[in-house]
Every structure is written in structure tokens, then in C-alpha cells.
2 protein chains.
Amino acid sequence: MSGPDAPSAREQILDAAEALFARKGLDATTIKDIGAAAGQNPALLYYYFGSKEELYRAVLQRVLSDMAARGGAAVDSAPAPADAIRAVVAAQMEFVLGHPNAPRLLVRELIDHEAREAEALLLQSAATLFERLCGVIAAGQRDGSFRGDLEPRFAAISTIAQVVYFTIARPAIGLFLRAGARGVPEATAKQFARHAGDFAVGALSTAETT
Amino acid sequence: MSGPDAPSAREQILDAAEALFARKGLDATTIKDIGAAAGQNPALLYYYFGSKEELYRAVLQRVLSDMAARGGAAVDSAPAPADAIRAVVAAQMEFVLGHPNAPRLLVRELIDHEAREAEALLLQSAATLFERLCGVIAAGQRDGSFRGDLEPRFAAISTIAQVVYFTIARPAIGLFLRAGARGVPEATAKQFARHAGDFAVGALSTAETT
DNA sequence: GTCTATAGGTGGATAGAC
DNA sequence: GTCTATCCACCTATAGAC
């Protein structure tokens, strides 16, 4: 009946809530904020989602499954471990630039609720992604291209930390890099992503790179 | 008159506010929460700090100057660039384990206010620390112990990202490492800090590390 | 499915006694 | 300096008309 191209009231609420939860947090975002941003009646939120918290969980679920889908492709994209590492880091930055809400939302969830709301979602999406990244590192260690004295799980954490930190700390990094008053330009973010791939591969490799 | 050893009402409010702002955030923490946690009358907050926001800024200021003081010592602690890098990473983890409130508080500030409240404080403390870390990396590049093809500022970001990310993502990392239901033990955090020093030095060095 | 109106509760901040 | 009492604004959620 109503085509899937015309965004339903439900989807408009979901989109508006995602943006507001990311920018202001669950607590500081009011039902009326969401209604106004969605161009819908605030009371509709209760009709579709039951409560503000259930809406929040719906938002988290959508972001996490999106992230897992994109991340999975990157791990498989290259046969050589070093190239796969670079691909994962590049995909991370691409995802984050395309979904600026995602990192804010997830970091808030980690700090505000210690991942309680997202625990089940993390285990069925991000955790398998993490395991596969660890697998790539272990494979590199077996074929001799990576140093054997690093713990693969720790190395995976160090690898993905770079882009996440860059994104979260972007206002501070803007100050550090003395890049004007308003944040870090996207071009710099892309340069950093290339650097982060090199940095991780350099840390993992037995010989110097390039 | 009243000795500096007996914590004043003002200090008790400051301590309680720091813990609550770190755990629940500025918005979700109420004046009455702070008063109860401090064992003081909530109205005293206005007598000493004028408003909740001014109290928040006072908390941020104390944490940031503490962090800058500890970080400064680490940069100077070793003559060789590689050792200085390791010292900085180790100091980061020590600071964070001793002040669990600090990273939460700062990350919240970055996400909630894009560092607006902390901008002046960051520029007079963290920024100079960051510059000095960049200086250590550049020195290593000049003396030939570090690769010359990495941008020092980016390398500094990658280096400090590790411990920060590990700390913030600790609930998720607990799930990834399958370390029980309740978080990552402190021993694992210290192991990770040693790893992170190796990882950064490995990424920066021209030859493979032992 | 969408809207209005409102109940019921809580929060920041102040006035003023002591 | 510390406390009680309270004002006013705002928020979540629901009831019920359309």
C-alpha cells in the first residue's frame, strides 16, 4: 500500500531519534525533541515503540547491525593479512564518515550503560567481527609476515582503537592540530585513515614496511 | 582554622560531583544526587559554585590539570625516544587505573559539548603534552631510530588512542575477550599497556623490535 | 493512525530563617 | 555557612477524541 520509498512515520521517528540520541544522549533528548525533529506527533512514539527506552534500543540495533554488515565485507576483501588490516581500517573510517551518529551512539552506550542495553547485540555482531580480525592477525603470524610476539586480541584492539579515538576526540584533535576553530576537515580524516593502516601494519610486521 | 586535612564541604561536593558526572553524565546527575553523595545539603552547591554548570567546569579543571601534571613527567622520564614512548603509554594506563573517573569525564565532555567547556583547559594542558609527544617522535625520526615516513602528529594520536580506547570500550572488550560477565581485570589492563607500548614502538621503529 | 490535553512527577534554583 | 521550604518549568506517559 504505502510504498517502502516514502518514509513512514515510524522511520522518521527512528531517524530523528538516532540523530538526537547521538548528539545529546538518551537522557537529554526529550520526547518532544524527537517529535519535532521527525515532524511527527510526540505521542506517536508511544504508539510505535512503547517507551523512550525501547525506541533507544531500536536505534542501537539498527546502527550495530549496519556496522557489522559493512565490517564483515572488509575482512574478506583481501587475501594477504597486511592488506586485510589496511582494508579494515579504511572501512572503519568510511563507515564512520558516512554514519557520524554511530560512534557517538556506541560510545555513549558504553559509558552510560556499560553496554548493558547493547550486550546481546554486541555479542551477535561486533564480537564475531572482532574474532575474524584476530583470525587475520593470527594467520599473518603463522605465515611469517607478522611478528609472533604480539597477542592477536590485543593487536586487534590497538588496530581498531585508532579510528575510533580519532573520531571521538575529533574536537580535541582539532585543537591539537590547530585546524581552525571548527573541527578537523574530512580530508585530514582520510589521511589519518591511511596512516592508521600503515601504523598497524608496521607494528605487526616482522620487517619494516615499504 | 579548619585544617586542610579535614575535607571541607566544598571539597566533598567536588568529589561527589566528579564521581557522579563521570558515571551518569552532567544531565542525568541531579543537584540532590550530588548533595546526598557528598553528605551535604544540596543548596550548598549554589553557595560554593553558583550553578551546576560552574561546578561541572570546576570538576573538569581539576581532572585536566591532574592529568597534565602526570603526563608531563612521563615524557621527560627517558632519554631514548622509544623508551619515552613506552613510558608515556605506561603512565597513561597508570593514570587511568588510578582515576577511573577521568576518561569517562573527558570523553563525555568531547561528545556532549564537543569540548566547548574544556577548550581553554585543553589548550593549556593537554595540547602542550601532545606537542611534546610529537617532539619525541620527531626526535626519533631525526636520530634514525624511527621511520621517517610517518606524520608525527598522526603517530602521536595512534599511540595514545590505544589506552584510551581500551578504557572506554572496557565493557565491550570484556565481552570480546570472554572475560566473565563483569569487565576486564586490572591485570589484563596492565598487560595491555605493555602490549600498547610495544605496538607503538614497533610501528614507529625502522627495524623490528625484540 | 494521528492528534489534544493533561495528569503526575521531578529538576534547577531561590528566599530567608538560623 | 548551613538548612528548610518552595516556586516554576519541564518531562514522561496516558486518556480519549477524531
Side-chain angles (χ1 to χ4, degrees), chain A residues 1-62 105 108-109 111-113 116-117, chain B residues 1-62 105 108-109 111-113 116-117:
Chain A
M1 315 313 175
S2 63
D5 43 345
S8 64
R10 195 191 132 92
E11 277 169 343
Q12 284 182 294
I13 290 172
L14 208 52
D15 290 341
E18 179 182 302
L20 286 167
F21 288 155
R23 182 143 42 89
K24 314 204 305 172
L26 173 61
D27 219 82
T29 300
T30 71
I31 303 295
K32 290 166 189 173
D33 284 343
I34 297 171
Q40 298 291 340
N41 191 299
L44 274 181
L45 186 154
Y46 292 94
Y47 179 78
Y48 285 114
F49 298 96
S51 74
K52 190 176 152 184
E53 301 239 317
E54 286 180 66
L55 170 59
Y56 176 68
R57 275 190 288 272
V59 165
L60 269 189
Q61 171 140 32
R62 195 175 61 162
L105 226 31
R108 279 190 194 286
E109 168 61 15
I111 300 189
D112 287 343
H113 316 118
R116 267 190 298 279
E117 309 291 339
Chain B
M1 311 308 176
S2 63
D5 44 343
S8 64
R10 195 190 130 94
E11 276 168 345
Q12 283 182 293
I13 290 172
L14 208 52
D15 290 341
E18 179 182 304
L20 287 167
F21 288 154
R23 182 143 41 88
K24 316 204 300 173
L26 173 61
D27 217 81
T29 300
T30 71
I31 301 293
K32 289 161 191 173
D33 284 343
I34 297 170
Q40 298 292 340
N41 190 297
L44 273 181
L45 186 154
Y46 293 94
Y47 178 78
Y48 284 115
F49 298 96
S51 74
K52 191 177 153 183
E53 301 239 317
E54 286 180 66
L55 170 58
Y56 175 69
R57 276 191 287 272
V59 165
L60 269 190
Q61 171 140 34
R62 195 173 62 164
L105 227 31
R108 278 189 194 285
E109 169 59 16
I111 301 189
D112 287 343
H113 315 117
R116 267 189 298 279
E117 308 291 338

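What you see below is based on every heavy atom in this structure, not just the backbone, and it leaves out hydrogens, waters and symmetry mates. Given the structure is predicted, the values throughout are model-derived calculations rather than measurements. In the text below, chain A, chain B and the rest are named by the order of the sequence lines, each starting its count at 1.
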Figure out the [atom1]/[atom2] separation between [X] and [N], and round it to whole Å.
{"X": "Tyr47(B)", "N": "dA13(C)", "atom1": "OH", "atom2": "C1'", "answer": "17 Å"}
{"X": "Phe49(B)", "N": "dG12(C)", "atom1": "CZ", "atom2": "P", "answer": "16 Å"}
{"X": "Tyr56(B)", "N": "dG12(C)", "atom1": "OH", "atom2": "P", "answer": "15 Å"}

- Does Arg108(A) reach the side chain of Leu26(A), with side-chain heavy atoms less than 4.5 Å apart?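 A side-chain contact is absent here, since even the closest heavy-atom pair is not under 4.5 Å.
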- Query: Taking C-beta and beyond as the side chain, do Tyr48(B) and Gln40(B) meet within less than 4.5 Å on heavy atoms?
  - Reply: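 Of all side-chain heavy-atom pairs linking Gln40(B) with Tyr48(B), none is under 4.5 Å.
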- Message: Arg62(B) vs Asp15(B), test: side chain to side chain contact (heavy atoms under 4.5 Å, CB included). Steps then yes/no.
- Response: CA-CA 10 Å; Arg62(B) 195 173 62 164; Asp15(B) 290 341; 2.9 Å; yes
- For DNA chain D, note the earliest and the latest nucleotide, 5' to 3', having some atom under 4.0 Å of a heavy atom belonging to chain A.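 Taking any atom under 4.0 Å from a heavy atom of chain A, the span is dC11(D) to dT14(D).
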- Query: Does the pair Lys24(A)/Asp33(A) count as a salt bridge with the N-to-O cut at 4.0 Å?
  - Reply: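 Yes, Lys24(A) and Asp33(A) are salt-bridged.
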- Query: Quick one: CG on Leu55(B) to CG on Leu45(B), what's the gap to the nearest 0.5 Å?
  - Reply: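 Separation between the atoms: 5.0 Å.
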- Item | Reported CD1-to-OH distance for the pair Ile31(A) and Tyr46(A), which is rounded to 0.5 angstrom |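 Output value for this atom pair is 3.5 Å.
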- Contact class for Thr29(B) vs. all strands (heavy atom < 4.0 Å): base, sugar-phosphate, or nothing?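 Sugar-phosphate, no base atom in range.
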- Check: Glu109(A) side chain, Glu117(A) main-chain N or O, donor-acceptor pair, under 3.5 Å: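 Pair found, side chain donor or acceptor close to backbone of Glu117(A).
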- Does Gln12(B) CD have over 12 foreign heavy atoms under 6.0 Å away?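 Above 12, so yes.
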Between N or O atoms, less than 3.5 Å apart, protein on one side and nucleotides 4-10 of chain C on the other: list the pairs.
none

